Amino acid sequence: MAHTAMSGYGTTAGDDPLQTAVWRLRSRACWADAAALLEPCTAGASLQRAGLLVERCLYTEQGWEEAEDALRTAEAQARSDDERGAAACERGQLAYAATLLGVRDRADEARAALGRAAALIAPGAPGRAMLDFRRGLLAENLARSPQAARAAYRRAHAGATAHSDPLLLSFTWRHLAGLALRDGELAEARHGFGESLRIREELGYLVGTAPALASLADAETEPEASRLRAEAGRLFRLLGGVPTWLARQLTPPAATA
């Protein structure tokens, strides 16, 4: 879903000024501006730049060619197994996004890329948690296997905790809560959605706050649900209708005759 933003990536005081600037733009849905700050002269910078542009595709349903170009550059510059694995992980995420959003069916490519990443990224490595999370997304949304998705999300959650990656934790909390809600476990769902929202607000991840509010609203009763959904709608409009797919969740069900 996102290039991981850990300590040292702009989310905490004392981080590198460039990473702080990148994070501020990214968190406000300015992915192209954030990517423009990164010179693709090293594998690390190219990977981060590609990750930003892939994330833009998932949130805006636009910018596919730019993401492909950035990804090809990152793939060409990758030298170590970790770098090649990270590039494959981004390739899988881009193919997943295209499939999920109905741009083109690239499900086989997504599975193959994430499988390649799994062979390259060592268990326990920092990038493994993001890989596990993305494999969970495929299991949940493409393979329709909530059991496999839950196992992958739990591995990702443990990895994000071990490597102090709060942003990824906000995603794993949210998706585990979504599975709990599907199973009718309201208390567990509210807790997970609440943790996701708390982390995103603390990080200042504005573009991810509206989805977190809307998800929590789905697990709440009235009038709290309407209040949360209204706040999500306000942020959604503030960011120009991003993420695009949130519009469907914010639209109230049509009245029945």
Side-chain angles (χ1 to χ4, degrees), residues 1-6 9-11 18-38 40 44-75 85-104 106 109-110 113-114 117 126-127 129-138 140-141 156 160 165-172 174-175 196 199-200 203-212 215 235-236 239-247:
M1 177 69 69
H3 181 85
T4 185
M6 299 178 290
Y9 284 85
T11 59
L18 173 61
Q19 292 298 332
T20 299
V22 168
W23 168 250
R24 286 175 177 168
L25 288 166
R26 175 193 176 190
S27 65
R28 288 159 177 76
C30 300
W31 293 280
D33 292 338
L37 296 179
L38 298 166
S46 291
L47 282 166
Q48 187 180 6
R49 186 171 180 274
L52 289 166
L53 296 175
V54 169
E55 185 174 81
R56 178 177 67 164
C57 292
L58 184 60
Y59 277 67
T60 69
E61 304 181 53
Q62 297 177 357
W64 301 96
E65 284 303 318
E66 293 93 332
E68 288 282 0
D69 288 345
L71 191 47
R72 282 192 289 268
T73 298
E75 289 167 337
C89 191
E90 292 300 340
R91 169 68 61 190
Q93 180 71 353
L94 184 61
Y96 162 77
T99 306
L100 183 72
L101 298 172
V103 176
R104 183 157 60 91
R106 297 172 60 180
E109 180 187 353
L114 295 186
M130 178 60 76
L131 172 61
D132 284 333
F133 174 69
R134 288 174 172 175
R135 295 180 93 178
L137 293 177
L138 255 69
E140 180 180 3
N141 298 315
D165 187 344
L167 182 60
L168 182 53
L169 276 174
S170 81
F171 281 96
T172 55
R174 180 166 173 257
H175 283 266
S196 178
I199 292 170
R200 292 179 179 196
L203 292 176
Y205 188 48
L206 192 61
V207 73
T209 300
S215 292
L235 286 174
F236 176 72
L239 292 174
V242 175
T244 53
W245 39 261
L246 187 61

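All values reported here derive from a predicted model rather than from experimental measurement. Side chains are part of it too, since the values below use all heavy atoms of this structure and drop only hydrogens, waters and symmetry mates.
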Below 4.5 Å, heavy atoms only, C-beta onward: do [X] and [Y] meet side chain to side chain?
X: Pro211; Y: Phe236; value: no
X: Tyr205; Y: Ile199; value: no
X: Tyr59; Y: Thr244; value: no
X: Leu100; Y: Trp245; value: no
X: Val207; Y: Ser27; value: no
X: Gln93; Y: Leu114; value: no
X: Glu66; Y: Arg56; value: yes

Residues forming a salt bridge (charged side-chain N to carboxylate O under 4.0 Å, His left out) with Arg106, sequence neighbours excluded: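 With sequence neighbours excluded, Arg106 shows a salt bridge (charged side-chain N to carboxylate O under 4.0 Å, His left out) to Glu68, Glu109, given in chain and number order.
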Residues forming a salt bridge (charged side-chain N to carboxylate O under 4.0 Å, His left out) with Asp69, sequence neighbours excluded: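 By the salt bridge (charged side-chain N to carboxylate O under 4.0 Å, His left out) rule, Asp69 matches Arg72.
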Looking only at heavy atoms, what is the nearest atom pair of [X] and [Y], with distance?
X: Leu53; Y: Ala70; value: CD1-CB, 3.7 Å
X: Arg28; Y: Leu239; value: O-CD2, 3.7 Å
X: Leu18; Y: Leu37; value: CD1-O, 3.7 Å
X: Trp23; Y: Leu203; value: NE1-O, 3.3 Å
X: Leu101; Y: Cys57; value: CD1-O, 3.6 Å
X: Ala67; Y: Val54; value: CB-N, 4.1 Å

Which value, rounded to the nearest 0.5 Å, describes the distance between [X] atom [atom1] and [Y] atom [atom2]?
X: Gln19; Y: Leu38; atom1: CD; atom2: CG; value: 6.5 Å
X: Tyr96; Y: Arg135; atom1: OH; atom2: CZ; value: 15.0 Å
X: Leu137; Y: Leu58; atom1: CG; atom2: CG; value: 8.5 Å
X: Ser196; Y: His175; atom1: OG; atom2: NE2; value: 8.0 Å
X: Leu138; Y: Thr99; atom1: CG; atom2: OG1; value: 8.0 Å
X: Leu246; Y: Leu235; atom1: CG; atom2: CG; value: 10.0 Å

Partners passing side-chain hydrogen bond (donor to acceptor under 3.5 Å, both in side chains) against Ser170 (at least two apart in sequence or in another chain):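 Ser170 satisfies side-chain hydrogen bond (donor to acceptor under 3.5 Å, both in side chains) with Arg200 only.
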Presence of salt bridge, Arg134 and Glu90, under 4.0 angstrom: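 Judged by the 4.0 Å cut-off on N to carboxylate O distance, Glu90 and Arg134 do form a salt bridge.
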According to side chain to side chain contact (heavy atoms under 4.5 Å, CB included), who are the partners of [X], at least two apart in sequence or on a separate chain?
X: Ala45; answer: Thr42
X: Ser215; answer: Arg174, Phe193, Gln249
X: Ala156; answer: Asp132, Phe133, Thr172
X: Ala117; answer: Ala88, Cys89, Ile121, Leu131

Candidate pair Arg26 and Leu52, rule side-chain contact (heavy atoms from CB on, under 4.5 Å), full reasoning: CA-CA 7 Å; Arg26 175 193 176 190; Leu52 289 166; 3.7 Å; yes
Side-chain (Arg91) to main-chain (Ala87) donor-acceptor, under 3.5 angstrom: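 Between the backbone of Ala87 and the side chain of Arg91 there is no qualifying donor-acceptor contact (under 3.5 Å).
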